[in-house]
2 protein chains.
Amino acid sequence: MRTLFLSGKAFIQEKYYIVKNHQATIVDIARTLNLSKSTVSRALTGHPNVKAGTREKVLEMAAQMDYQRNQLAISLLTNRTQTVGIIVPEFLSFFFPKVIIGAQNVLAEAGYNVVICHSNESYETEVANTKALLASRVDGLLVSHTKETRNFDHFRVFERKGIPVVFFNRIVEELGGSKVAVDDYGGAFRAVGHLIQTGKRRIAHLAGPDSIQNSRNRLNGYLDALRRYDIPVDPALIISYDLTLDKANIYVNHLLNLPQPPDALFAINDPTAIEALKVIKSRGLRIPQDVAVVGFSDDPVSALIEPGLTTVAQPVDEIGRQAAALLLKQLAADDERPEAETVVLETRLIVRGSTV
Amino acid sequence: MRTLFLSGKAFIQEKYYIVKNHQATIVDIARTLNLSKSTVSRALTGHPNVKAGTREKVLEMAAQMDYQRNQLAISLLTNRTQTVGIIVPEFLSFFFPKVIIGAQNVLAEAGYNVVICHSNESYETEVANTKALLASRVDGLLVSHTKETRNFDHFRVFERKGIPVVFFNRIVEELGGSKVAVDDYGGAFRAVGHLIQTGKRRIAHLAGPDSIQNSRNRLNGYLDALRRYDIPVDPALIISYDLTLDKANIYVNHLLNLPQPPDALFAINDPTAIEALKVIKSRGLRIPQDVAVVGFSDDPVSALIEPGLTTVAQPVDEIGRQAAALLLKQLAADDERPEAETVVLETRLIVRGSTV
DNA sequence: AATCATTTTGGGAATGTTCCCAAAAATTTG
DNA sequence: CAAATTTTTGGGAACATTCCCAAAATGATT
């Protein structure tokens with residue numbers, strides 16, 4: 001009995017062993033209702049040229065059979081998967097999850113699914129991720145690259161194939177494609193300016209790796225703020241590190257052990273700044289009197305700890321929303337790709353107990 | 001010239017408008033090398049029956065053309081996508097991201113890709129997620145359901161289609177499929193026992209919604225601990241809420257306003273407990289002398305705040321790893337699905353300043 | 001040199017869907 | 001009531017790949 005409902009292959013298999021896990025297809029529905037697959041297809045996709053009664057019968061049978069359209073077949077045919085890939089280097093801090101949620105909201109609205117890849121700050125994994133996304137034929141890509149990534153050829157492949165890529169947060173100047181960044185330079189400039197205005201003069205900077213543009217921009221903001229107030233730059237106070245927290249611990253201790261230790265620290269991000277606060281407290285120094293600390297990105301934790309962390313806030317989910325919007329703009333045009341755009345979002349300083 | 005390289009459709013299109021974004025196929029490679037698609041396919045998949053020279057030529061041409069296999073076509077044919085879906089209710093707290101990373105590591109090892117869906121604690125979104133994953137033909141599913149989910153029919157569809165589902169963290173007793181949970185009952189029992197041993201007698205419990213099994217188990221642990229020490233249960237001290245933090249704020253204030261306020265609070269999770277600490281501090285009460293607080297799940301923030309939060313730790317990424325492992329076990333068997341398993345992981349109490 | 005065995009290659013079906021075009025059925029018009 | 005028109009349905013190609021089976025090429029053995 002049941003065999004009547006099943007499409008070719010399953011029908012044959014039924015004779016030899018019990019059919020398991022057969023996913024109903026439009027052919028199965030067509031067979032049971034004595035219709036052609038064309039008609040069933042039309043009924044299911046809402047095409048107007050189907051008799052009302054027929055459509056009803058089809059929909060009913062589809063529900064009864066747990067029919068679920070096979071997106072693979074459709075994508076193969078249409079050459080569009082309605083899927084966007086997102087590659088992020090980590091998602092344990094609040095930052096990337098929040099960006100992803102922002103992007104996902106905008107993309108879901110437009111009928112796109114999202115595949116999230118976690119490169120885990122590994123170049124190799126990132127390359128593997130792009131291969132996998134290429135194989136699964138994503139329509140577009142949102143990327144924040146790893147700190148190890150210095151060669152961007154794996155992204156150029158997308159360019160060549162006409163698959164739009166939008167970079168966010170960690171962007172790549174030398175590559176085409178739309179970009180979403182925040183005003184890292186301005187944020188850093190204001191943060192360091194604030195420290196100077198509270199009377200600090202020996203301001204250290206725990207910088208991020210040179211491979212990430214944010215790091216370079218924040219470093220420039222730091223340098224220009226010092227110059228602006230005629231404070232000499234001491235290279236001993238600038239340490240670039242790889243963002244792993246145990247290293248942060250070591251470097252903060254190193255700075256505090258200097259013959260002329262810093263009276264303030266501007267950290268590349270909030271996790272680093274929080275680690276610094278721990279070290280400073282554990283050494284019995286007062287915050288901010290002995291050492292003031294500023295972070296970057298306003299992690300929710302920063303408001304919870306004692307003292308609260310002064311930090312440069314950025315509109316995190318807006319980064320995701322903007323990146324998604326730029327990608328959709330690229331995807332919408334089916335003839336010529338519109339020109340790539342770069343969006344720079346504002347940052348603002350949030351002053352808390354770690355500086356005043 | 002270029003047209004010679006292109007497969008059928010593209011070839012025709014070339015005559016009318018410029019071909020853009022054509023993704024090279026094995027047919028394109030076959031054409032340029034004067035081979036059949038069968039031979040090219042064999043060369044690329046590493047089938048032994050290909051002459052060494054031919055294989056080399058094919059691989060070289062594939063690289064030159066940026067060839068990337070079309071996983072859609074393969075999946076359509078083989079009826080396996082090598083993709084696993086993960087549905088989580090949120091990922092702003094550290095918990096779910098960490099579970100996902102654990103699961104992803106295990107799954108990637110086994111050659112599976114991962115599609116992450118964010119149901120955002122919305123039943124509707126969760127149902128939509130399952131539909132999308134069904135349409136994209138995931139081979140298996142890892143789920144932690146929303147707090148709104150009371151009807152589980154959308155998961156039963158997977159069962160009927162023979163697609164294995166593994167529930168983690170928020171599990172569903174009444175459904176088949178493997179499950180990964182932690183010892184919520186024992187953790188809660190020990191947490192409340194600890195409060196009692198530090199001399200507390202009026203212990204409140206901010207519980208989670210009844211729809212989530214963890215909430216029920218932790219509540220039972222709380223109740224049994226009180227009974228064990230012959231402390232009367234006061235229903236006024238048990239408040240079940242929907243896990244939104246502004247509500248937590250209101251309920252903690254409500255509890256502290258009672259004629260006989262509690263001298264301790266056991267919270268369903270760490271974010272709730274941290275919110276409680278804020279309220280208690282803002283009212284000028286001493287922690288833990290006036291009110292002690294215990295959370296659940298050892299959020300990294302809990303170690304950073306003042307005072308440190310006593311909490312029940314659970315092996316978060318192990319939850320993900322175990323869930324992935326159970327799913328792989330189901331996926332490995334291509335004949336009969338092995339019996340579903342349930343793994344319960346240990347919890348352990350971490351004592352910090354919020355209780356001693 | 002002819003036969004046999006082995007290696008290498010090619011042709012075609014199948015996967016599930018959409019869409020075009022033609023055929024059939026139903027409806028309207030003269 | 002036949003012709004013309006509209007609505008509804010069916011058949012088949014196409015998407016990119018794998019795999020089976022047959023055909024061709026090569027190598028080994030007599």
Side-chain angles (χ1 to χ4, degrees), chain A residues 5-13 19 21-31 33-58 62 65 67-82 134-137 161, chain B residues 5-13 19 21-31 33-58 62 65 67-82 134-137 161:
Chain A
F5 294 11
L6 304 171
S7 59
K9 189 182 161 198
F11 183 89
I12 293 161
Q13 291 182 336
V19 170
N21 318 336
H22 178 74
Q23 298 248 44
T25 71
I26 53 168
V27 176
D28 298 326
I29 298 175
R31 287 245 179 90
L33 296 177
N34 254 314
L35 288 167
S36 73
K37 60 179 168 26
S38 310
T39 304
V40 174
S41 171
R42 273 186 295 260
L44 290 171
T45 52
H47 195 282
N49 282 8
V50 188
K51 199 158 66 173
T54 309
R55 160 164 294 131
E56 233 167 79
K57 272 191 284 184
V58 169
M65 287 178 152
Y67 171 81
Q68 192 56 247
R69 76 185 188 290
N70 189 331
Q71 186 61 45
L72 299 170
I74 299 172
S75 296
L76 183 60
L77 194 62
T78 60
N79 205 25
R80 315 183 79 237
T81 52
Q82 296 291 346
L134 230 30
S136 62
R137 295 293 191 268
K161 289 180 193 276
Chain B
F5 296 10
L6 303 172
S7 59
K9 187 183 163 198
F11 184 87
I12 294 162
Q13 289 181 337
V19 170
N21 318 337
H22 178 74
Q23 298 249 43
T25 70
I26 53 169
V27 176
D28 299 325
I29 298 176
R31 287 245 180 91
L33 296 177
N34 255 314
L35 288 168
S36 72
K37 60 178 168 27
S38 311
T39 303
V40 174
S41 171
R42 271 187 295 259
L44 291 170
T45 52
H47 195 281
N49 282 6
V50 188
K51 200 159 65 172
T54 309
R55 159 164 297 130
E56 236 167 76
K57 273 191 284 186
V58 169
M65 287 179 150
Y67 171 80
Q68 193 55 248
R69 73 183 191 292
N70 189 329
Q71 186 59 47
L72 299 170
I74 299 172
S75 295
L76 182 60
L77 193 64
T78 61
N79 205 24
R80 316 185 80 236
T81 52
Q82 296 291 344
L134 230 32
S136 62
R137 295 294 191 268
K161 290 182 192 277

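Every chain is numbered from 1, with letters handed out A, B, ... down the list of sequences. On a predicted model such as this, the values are computed, not experimentally measured, just so you know.
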Members of residues 35-45 of chain A that approach DNA chain D, where some heavy atom sits under 4.0 Å away
L35(A), S36(A), K37(A), S38(A), T39(A), R42(A)
Checking S41(A) side chain against K37(A) main chain: does a donor-acceptor pair fall under 3.5 Å?
no
Side chain to side chain contact (heavy atoms under 4.5 Å, CB included) against L35(B), all qualifying residues, sequence neighbours excluded
L33(B), T39(B), V40(B), T54(B), V58(B)
For T81(A), enumerate each residue passing the side chain to side chain contact (heavy atoms under 4.5 Å, CB included) test, keeping only those at least two apart in sequence or located in another chain.
S75(A), T83(A), R137(A), D139(A), L72(B)
[X] has an atom [atom1]; how far is it from atom [atom2] of [N], in whole Å?
{"X": "R80(A)", "N": "dC15(D)", "atom1": "CZ", "atom2": "C1'", "answer": "15 Å"}
{"X": "M65(A)", "N": "dG16(C)", "atom1": "CE", "atom2": "P", "answer": "13 Å"}
{"X": "L77(B)", "N": "dT15(C)", "atom1": "CG", "atom2": "P", "answer": "9 Å"}
{"X": "I74(A)", "N": "dA16(D)", "atom1": "CD1", "atom2": "C1'", "answer": "16 Å"}
{"X": "Q71(B)", "N": "dT15(C)", "atom1": "CD", "atom2": "C1'", "answer": "14 Å"}
{"X": "R31(B)", "N": "dG11(C)", "atom1": "CZ", "atom2": "P", "answer": "12 Å"}
{"X": "N49(A)", "N": "dT9(D)", "atom1": "CG", "atom2": "P", "answer": "9 Å"}
{"X": "N79(B)", "N": "dT17(C)", "atom1": "CG", "atom2": "P", "answer": "11 Å"}

Please work out if [X] contacts a base, only the sugar-phosphate, or nothing of the nucleic acid, heavy-atom cut-off 4.0 Å.
{"X": "I26(B)", "answer": "base"}
{"X": "T54(B)", "answer": "sugar-phosphate"}
{"X": "N70(A)", "answer": "sugar-phosphate"}

Nearest heavy-atom neighbours spanning A43(B) and V50(B):
N-CG2, 3.9 Å
Where M65(A) and A24(A) come nearest, the two heavy atoms and their spacing:
O-CB, 3.8 Å
Given DNA chain D, 5'-ward residue of the pair L76(B) and H47(B), judged by closest heavy atom:
L76(B)
Report, one pair per line, the protein and nucleotides 25-28 of chain D atoms (nitrogen or oxygen only) whose separation is under 3.5 Å.
none

As an exercise, state the distance from CZ of R69(A) to CD of Q23(A), rounded to the nearest 0.5 Å.
12.5 Å
How long is the straight-line distance from NZ of K51(B) back to CD of E56(B), given to the nearest 0.5 Å?
12.0 Å
If you assign V50(B) and A73(B) each to the DNA chain C nucleotide with the nearest heavy atom, which residue ends up on the more 5' nucleotide?
V50(B)
Below 4.0 Å: OP1/OP2 of dT17(D) and any side-chain N or O of T78(B):
no
Which residues satisfy the side-chain hydrogen bond (donor to acceptor under 3.5 Å, both in side chains) test with R55(A), sequence neighbours excluded?
none
Is any side-chain heavy atom of I74(B) closer than 4.5 Å to a side-chain heavy atom of Q82(B)?
no
Side-chain contact test, heavy atoms from C-beta onward, threshold under 4.5 Å: evaluate it for N70(B) versus L76(A) and give yes or no.
yes
Taking five pairs at each terminus, the helix from dA1(C)-dT30(D) to dG30(C)-dC1(D) shows an axis bend, to 10°, of 50°
